[in-house]
Undergrad: 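Quick one: this structure, given as structure tokens, is what I'll be asking you about.
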Amino acid sequence: MSEGGSGEAHEGTVLVEWFRRRQPEMLRLLGRLIEMESKSGEEAALVQLAEAVADYLRPLAAGGGEVALLPAPGAGAHLRARFPATADDRSAEEPPREILVIGHLDTVWPMGTLQRKPCEVTADGRVLGPGVFDMKAGVTILLESLAALRALSLGTKRPMTVLLTCDEEVGSRTSRQLVEEEARRAAVALVLEPPVPGGIVKTGRKGIATFQVRAIGRASHAGLDPRQGINAIVELAHQVVALQALNDDARDVTVSTGLIKGGVALNVVPPEAEAKVDVRFWGAEDGARVVTAIEQLRPVLPGAELQISGGINRPAMTRSAANLALFETARRLAGEVGLDLREQAVGGGSDGNFTAALGVPTLDGLGVDGAGAHAEHEHILLADLAPRAALLTRLLQTL
């Protein structure tokens, strides 16, 4: 079929109808994933969920693919599945570079949340449940897309690796190296994080740095001997003001002191205090500049000390020409399935930051439309489930 021809448009329509007919099965799968609660750090729960998804994938990988659970002690298990190319017009690259599909199994919701926030479909067509938007709906359309490729004998031009991690919500500490290793084999990366509400995919993300700034003073009795003490909270207050001054509205660099604690008792001059700081930036130079400024903070009060730790944990995902070209392909394919796809750069981070920083064309936010990530009103739109699954399937066929 010629690119963008009526045959491809027809194929997109057929896929949407296929997934609409499968909507009851898709909802059952989504409900099962939601009901397997999987807060970050709950090792046993995340291993159990990874095993359940692996059981679903193994029949789909039969005949040349493989499914592996990769233990992450203390965090759970990552899941990696490989699928060979199946189309006649396979990539001429030798070896062919793959499509990397990335998602995560962990959520932010405490275990037991399901008791007060059950999985349900509302009269106005929303699907509710902890983690439904971020990102068990994304995992659902991935599994359904892979099943459709096999059931409908749809060819794929490139080999494909699916990587579902268990610690994305807490910084990808055990999975970053794995994501980067797979990215070095990839032609493109597709990230199944939720879209911006309205179904808008993400072509850029800010980089993220986190710091702990600890002030060390000297304890003394606040009533009997206050002048012998060095107030660590006062020292830290000076540092918070200095951190605030690093915000740069013109370059959209943000430095936010989000957590503070200090002191030991009301009648004791506090000997210690600490703050946790969140930094967001668009460019590598901005990130390096702010990191250097934080690392060079110096005490203000005589005798006080500072201990500073941390740094950049997610590089910026630049809204690059390569990302925008990948979006244009997705936009064309979205038209085949009845979606008017748009793109945006956003402030939050994901594992797409790692792939894009390695120069891999990356398209993020390919999950199901909805709203409320990490919030009480988290939901997806039922009507978007079939077209998003169809779009993902077309991307896997086409790229």
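Quick caveat: nothing in here was measured; it's all calculated off a predicted structure. Starting from 1, each residue takes its place in the sequence as its number. Values below: every heavy atom of this structure, side chains too, minus hydrogens, waters and symmetry copies.
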Undergrad: So do the side chains of L100 and V188 get within less than 4.5 Å of each other, counting heavy atoms only?
TA: no
Undergrad: Begin from the C-alpha positions of R28 and E25 and carry the test salt bridge (charged side-chain N to carboxylate O under 4.0 Å, His left out) through to its verdict.
TA: CA-CA 5 Å; R28 280 193 287 273; E25 288 82 1; 3.7 Å; yes
Undergrad: So, K39 and D106, do they make that salt bridge, N to O below 4.0 Å?
TA: no
Undergrad: For the residue pair Q23 and R20, confirm or rule out a side-chain donor-acceptor distance under 3.5 Å.
TA: no
Undergrad: If we ignore hydrogens and angles and just use 3.5 Å, is the side chain of N323 paired with the main-chain N or O of P361 as donor and acceptor?
TA: no
Undergrad: Tell me whether K202 is salt-bridged to E193, with the criterion being a basic N under 4.0 Å from an acidic carboxylate O.
TA: no
Undergrad: Look at D278 together with K276 and state whether they make a salt bridge at an N to O cut-off of under 4.0 Å.
TA: no
Undergrad: In Å, rounded to the nearest 0.5 Å, how long is the span from SG of C119 to CG of L30?
TA: 5.5 Å
Undergrad: Could you tell me which non-hydrogen atom of W282 sits nearest to which non-hydrogen atom of A316, and how far apart they are?
TA: O-CB, 3.1 Å
Undergrad: Find out if a path of hydrophobic residues (ILVMFWY) with successive side-chain heavy-atom gaps under 4.5 Å connects M317 to V101.
TA: no
Undergrad: Name the atoms and distances for all side-chain donor-acceptor pairs under 3.5 Å in residues 48-76, with sequence neighbours left out.
TA:
from : atom 1 : to  : atom 2 : distance (Å)
D55  : OD1    : R58 : NH1    : 2.7

Undergrad: Name all residues meeting the salt bridge (Lys or Arg N to Asp or Glu O under 4.0 Å) criterion together with R116; count only those two or more places apart in sequence or in a different chain, and write none if there are none.
TA: E376
Undergrad: Would D167 and S175 satisfy side chain to side chain donor-acceptor pair (under 3.5 Å), going step by step from the backbone distance to the final call?
TA: CA-CA 7 Å; D167 64 353; S175 57; 2.6 Å; yes
Undergrad: So do V191 and L366 actually touch side chain to side chain, heavy atoms under 4.5 Å?
TA: no
Undergrad: Is it the case that more than 12 heavy atoms not belonging to Q177 sit under 6.0 Å from its CD atom?
TA: no
Undergrad: Indicate yes or no: at least one non-hydrogen side-chain atom of L29 is less than 4.5 angstrom from one of L143.
TA: yes
Undergrad: With sequence neighbours excluded, tell me which residues meet side chain to side chain contact (heavy atoms under 4.5 Å, CB included) with A275.
TA: L236, T257, I260
Undergrad: Would you say E235 and I233 make side-chain contact, with heavy atoms under 4.5 Å?
TA: no
Undergrad: Between R332 and E328, does any side-chain N to carboxylate O distance fall below 4.0 Å?
TA: no
Undergrad: Quick one: do the E169 and H374 side chains pair a donor with an acceptor below 3.5 Å?
TA: yes
Undergrad: State plainly whether the residues R251 and D286 are in salt-bridge range, i.e. N to O under 4.0 Å.
TA: yes
Undergrad: Taking the side chain as every heavy atom from C-beta outward, state whether F211 and V291 have any pair of such atoms under 4.5 Å apart.
TA: yes
Undergrad: Do R280 and T254 get their side chains close enough for a donor-acceptor pair, meaning under 3.5 Å?
TA: no
Undergrad: Can we say E98 and R185 salt-bridge, meaning some charged N sits less than 4.0 Å from an Asp/Glu carboxylate O?
TA: yes
Undergrad: After noting the C-alpha distance and the side-chain angles of D364 and D351, does the key distance pass the side chain to side chain contact (heavy atoms under 4.5 Å, CB included) rule?
TA: CA-CA 9 Å; D364 202 337; D351 287 337; over 6 Å; no
Undergrad: For residues L392 and L146: do they belong to one hydrophobic cluster (side chain heavy atoms under 4.5 Å, members Ile, Leu, Val, Met, Phe, Trp, Tyr)?
TA: yes
Undergrad: Compare all side-chain heavy atoms of I308 with those of R214 and state whether any distance is below 4.5 angstrom.
TA: no
Undergrad: Donor-acceptor check, side chain of T140 to backbone of K136, threshold 3.5 angstrom: yes or no?
TA: yes
Undergrad: Can E17 and R22 be counted as an ion pair, charged N to O under 4.0 angstrom?
TA: no
Undergrad: Hey, any chance L385 and L33 share a hydrophobic cluster, counting ILVMFWY side chains that come within less than 4.5 Å of each other, even indirectly?
TA: yes
Undergrad: Evaluate salt bridge (charged side-chain N to carboxylate O under 4.0 Å, His left out) for R218 paired with E272, printing each intermediate quantity in order.
TA: CA-CA 8 Å; R218 183 169 61 239; E272 294 185 4; over 6 Å; no
Undergrad: Does a donor on one side chain sit under 3.5 Å from an acceptor on the other, for R205 and S350?
TA: yes
Undergrad: Side chains of S220 and D225 only: does a donor on one sit below 3.5 Å from an acceptor on the other?
TA: no
Undergrad: Please find the pair of heavy atoms, one from S145 and one from F19, that lie closest to each other, and give the distance.
TA: CA-CZ, 4.1 Å
Undergrad: Does the pair D252/K206 count as a salt bridge with the N-to-O cut at 4.0 Å?
TA: yes
Undergrad: Hey, mind stepping through L301 and V234 against side chain to side chain contact (heavy atoms under 4.5 Å, CB included) and telling me if it holds?
TA: CA-CA 8 Å; L301 301 183; V234 173; 4.0 Å; yes
Undergrad: How close do A304 and I230 get, heavy atom to heavy atom, and via which atoms?
TA: CB-CG2, 4.0 Å
Undergrad: For residues L333 and T398, determine if any side-chain heavy atom of one lies less than 4.5 Å from a side-chain heavy atom of the other.
TA: yes
Undergrad: Donor-acceptor check, side chain of E378 to backbone of D134, threshold 3.5 angstrom: yes or no?
TA: yes
Undergrad: Is R331 salt-bridged to E343, going by a charged N under 4.0 Å from an acidic O?
TA: no
Undergrad: Please evaluate residues V279 and I208 with respect to the criterion side chain to side chain contact (heavy atoms under 4.5 Å, CB included), reporting the C-alpha separation (whole Å), side-chain torsions for both, the decisive distance (0.1 Å), and the verdict.
TA: CA-CA 6 Å; V279 179; I208 303 173; over 6 Å; no
Undergrad: May I have the step-by-step check of side chain to side chain donor-acceptor pair (under 3.5 Å) for Q397 and E11, ending in yes or no?
TA: CA-CA 11 Å; Q397 283 183 275; E11 190 166 358; 2.7 Å; yes
Undergrad: Which pair of non-hydrogen atoms, one from R394 and one from L15, has the smallest distance, and what is that distance?
TA: CD-CD1, 3.5 Å
Undergrad: Applying salt bridge (charged side-chain N to carboxylate O under 4.0 Å, His left out) between E182 and each of R82, R176, R97, report the one that passes.
TA: R82
Undergrad: Using atom types as modelled and distance alone, determine if a side-chain donor or acceptor of T362 lies under 3.5 Å from a backbone N or O of V360.
TA: yes
Undergrad: Whether the side chain of N353 engages the backbone of P315 through a donor-acceptor N/O pair (distance < 3.5 Å, no angle test) should be reported.
TA: yes
Undergrad: So does R298 get a backbone contact from the side chain of Q239, meaning a donor-acceptor N/O pair under 3.5 Å?
TA: yes
Undergrad: Have T174 and H78 got a donor and an acceptor in their side chains that come within less than 3.5 Å?
TA: yes
Undergrad: As a quick check of understanding, evaluate side chain to side chain contact (heavy atoms under 4.5 Å, CB included) for R80 and V162, giving each step before the final call.
TA: CA-CA 6 Å; R80 184 184 63 207; V162 170; over 6 Å; no
Undergrad: Taking V201's backbone N and O only, do any of them form a donor-acceptor pair with Q344's side chain (distance below 3.5 Å, no angle check)?
TA: no
Undergrad: Any heavy-atom pair between the side chains of T210 and N313 that's under 4.5 Å?
TA: yes
Undergrad: Which heavy-atom pair separates P226 from L224 by the least distance, and what is that distance?
TA: CD-C, 3.6 Å
Undergrad: Would you tell me whether T107 and S38 have side-chain atoms, one donor and one acceptor, within less than 3.5 Å of each other?
TA: no
Undergrad: Between the side chain of H104 and the main-chain N/O of T165, is any donor-acceptor distance below 3.5 Å?
TA: no
